[in-house]
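Worksheet: the structure to be examined is printed underneath.
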Number of protein chains: 2
Amino acid sequence: MSAPALTKNQALVFDVLEKADGPLSAYTILDKLRDHGFRAPLQVYRALEKLLEYGVVHRLESINSFVACAHPGENCHSHGIVAFAICESCGQVMEFHDHEVDHRLMDWTKAKKFKAEKTTIEIRGQCEACAA
Amino acid sequence: MSAPALTKNQALVFDVLEKADGPLSAYTILDKLRDHGFRAPLQVYRALEKLLEYGVVHRLESINSFVACAHPGENCHSHGIVAFAICESCGQVMEFHDHEVDHRLMDWTKAKKFKAEKTTIEIRGQCEACAA
DNA sequence: ATCGCACACGTTATAGCATAACGCAATTGA
DNA sequence: TCAATTGCGTTATGCTATAACGTGTGCGAT
């Protein structure tokens with residue numbers, strides 16, 4: 001599941017996400033890529049689908065947006081569950097990992113024999129700067 | 001923040017969610033209430049907004065759906081962070097609470113001086129019955 | 001009592017997010 | 001060479017959510 005070479009569209013989308021200073025919606029990405037020939041949402045969604053699969057991009061479910069993984073170069077899938085703190089004022093996102101949280105959730109799923117595929121942890125609120 | 005008496009629309013929406021055996025989208029709720037005079041999405045969304053505020057309904061961010069709280073009568077807001085396991089085959093949702101997970105996340109937010117408002121934990125996968 | 005306010009409600013319109021279905025081109029491996 | 005796979009482009013559509021307007025009702029303060 002490590003990332004193969006990106007296709008042109010995938011590279012364009014990834015580049016936009018990496019240069020952005022916060023999460024972007026698919027349609028925002030589309031707008032930023034119109035100059036590069038993008039015309040339709042599917043061009044973005046298809047690229048995102050692969051980038052998510054490769055683990056180099058994360059989807060923020062609670063705000064329907066996407067961010068580049070905070071671990072450039074590494075495969076983020078190997079870090080365990082990813083958690084996000086999303087500032088609702090400035091839009092900044094902090095990505096972190098807590099193995100103890102992972103263990104607790106794994107314990108629960110094991111006990112219930114639930115086969116976890118994808119886990120979402122998102123904390124919305126105010127970052128230090130914005131809460132002042 | 002305890003729940004006052006529900007209005008007619010709120011009661012109708014809550015009733016639909018309680019009787020459902022899984023999460024429902026706002027539009028599914030709308031369809032189920034057309035016989036009761038519902039015509040527009042806003043009638044559902046406005047009711048949901050209040051029900052979420054009262055803590056008697058939860059929103060599942062990862063599937064854009066809503067479920068009645070698993071603790072009838074109690075104010076779910078007092079149970080700490082709520083976590084969900086969502087079976088992608090049968091649609092069943094299990095709601096649970098883990099104070100250790102809460103503590104770990106709280107520790108992180110404290111350390112980062114992040115003011116958490118709302119935390120989402122959702123595990124998607126296969127329930128025991130469907131994984132067989 | 002009546003004025004002002006808060007709140008629930010109804011309606012229309014629109015904005016924002018995501019995918020279905022078709023066809024074409026390039027690549028790869030049997 | 002043929003078939004399978006993958007990426008791509010386009011059009012159309014469906015699903016999710018909210019903006020903006022107006023109505024009516026209850027209720028407390030003056």
Output the single nucleotide from [options] whose closest atom is nearest the side chain of [X].
X	options	result
B:L42	D:dG7, D:dA17, C:dT11	C:dT11
B:N9	D:dG7, C:dC9, D:dA17	C:dC9
A:A40	C:dC17, D:dT11, C:dT12	D:dT11
B:Q10	C:dA8, D:dT16, C:dT19	C:dA8
B:P41	D:dT10, D:dA20, D:dA17	D:dA17

Whole-Å distance separating the [atom1] atom of [X] from the [atom2] atom of [N]:
X	N	atom1	atom2	result
B:L12	C:dA8	CG	C1'	14 Å
B:L33	C:dC9	CG	P	12 Å
B:F38	D:dA17	CZ	P	16 Å
A:R46	C:dA20	CZ	P	11 Å
B:Y45	C:dC9	OH	P	17 Å
A:Q43	D:dT11	CD	P	11 Å
B:K8	C:dA8	NZ	P	15 Å
B:K50	C:dA6	NZ	C1'	10 Å

Next item on the list: Mind running side chain to side chain contact (heavy atoms under 4.5 Å, CB included) on A:I81 and A:V101 for me, showing each step along the way?
Entry: CA-CA 8 Å; A:I81 297 171; A:V101 169; 5.7 Å; no

Notebook entry, point to check: Which part of the nucleic acid, if any, lies within reach of A:R39 when heavy atoms closer than 4.0 Å are counted: base, sugar-phosphate only, or nothing?
Noted result: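 A:R39: backbone/sugar contact only, no base atoms under 4.0 Å.
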
Margin query: Go through it in stages, so that I can follow the logic: the residues are B:R124 and A:E61, the test is salt bridge (charged side-chain N to carboxylate O under 4.0 Å, His left out), and I'd like the CA-CA distance, side-chain angles, deciding distance and then a yes or no.
Written below: CA-CA 12 Å; B:R124 294 189 297 303; A:E61 304 282 0; 3.2 Å; yes

Next item on the list: Verify side chain to side chain contact (heavy atoms under 4.5 Å, CB included) between A:H97 and A:H71, making sure each step is shown before the conclusion.
Entry: CA-CA 11 Å; A:H97 308 265; A:H71 304 93; 2.8 Å; yes

Check: Could a donor-acceptor pair under 3.5 angstrom be found where the side chain of B:Y27 meets the base of D:dA17?
Finding: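 In this structure, the two groups form a donor-acceptor pair.
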
Next item on the list: With the side chain counted from C-beta on, respond yes when A:F66 and A:L51 share a heavy-atom pair under 4.5 Å apart, and no when they do not.
Entry: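 Counting from C-beta outward, A:F66 and A:L51 never come under 4.5 Å.
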
Item checked: Any B:S25 side-chain nitrogen or oxygen under 4.0 Å from OP1 or OP2 of D:dT16 ->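 Yes, such a contact exists.
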
Notebook entry, point to check: Do B:E18 side-chain atoms and B:D15 backbone N/O form a donor-acceptor pair below 3.5 Å?
Noted result: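 The answer is no, because no donor-acceptor pair under 3.5 Å joins these two groups.
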
Item checked: Within residues 59-67 of chain B: residues closer than 4.0 Å to DNA chain D (heavy atoms) ->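 Within this stretch, B:R59, B:N64 sit under 4.0 Å of the strand.
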
Next item on the list: List the steps and the verdict of salt bridge (charged side-chain N to carboxylate O under 4.0 Å, His left out) for A:E49 and A:R46.
Entry: CA-CA 5 Å; A:E49 186 179 12; A:R46 288 204 273 230; over 6 Å; no

Note to self: We want to know whether B:R59 and B:T120 form a side-chain donor-acceptor pair, criterion being a heavy-atom distance below 3.5 angstrom.
What the structure shows: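 Checked: B:R59/B:T120 side chains show no N/O donor-acceptor pair below 3.5 Å.
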
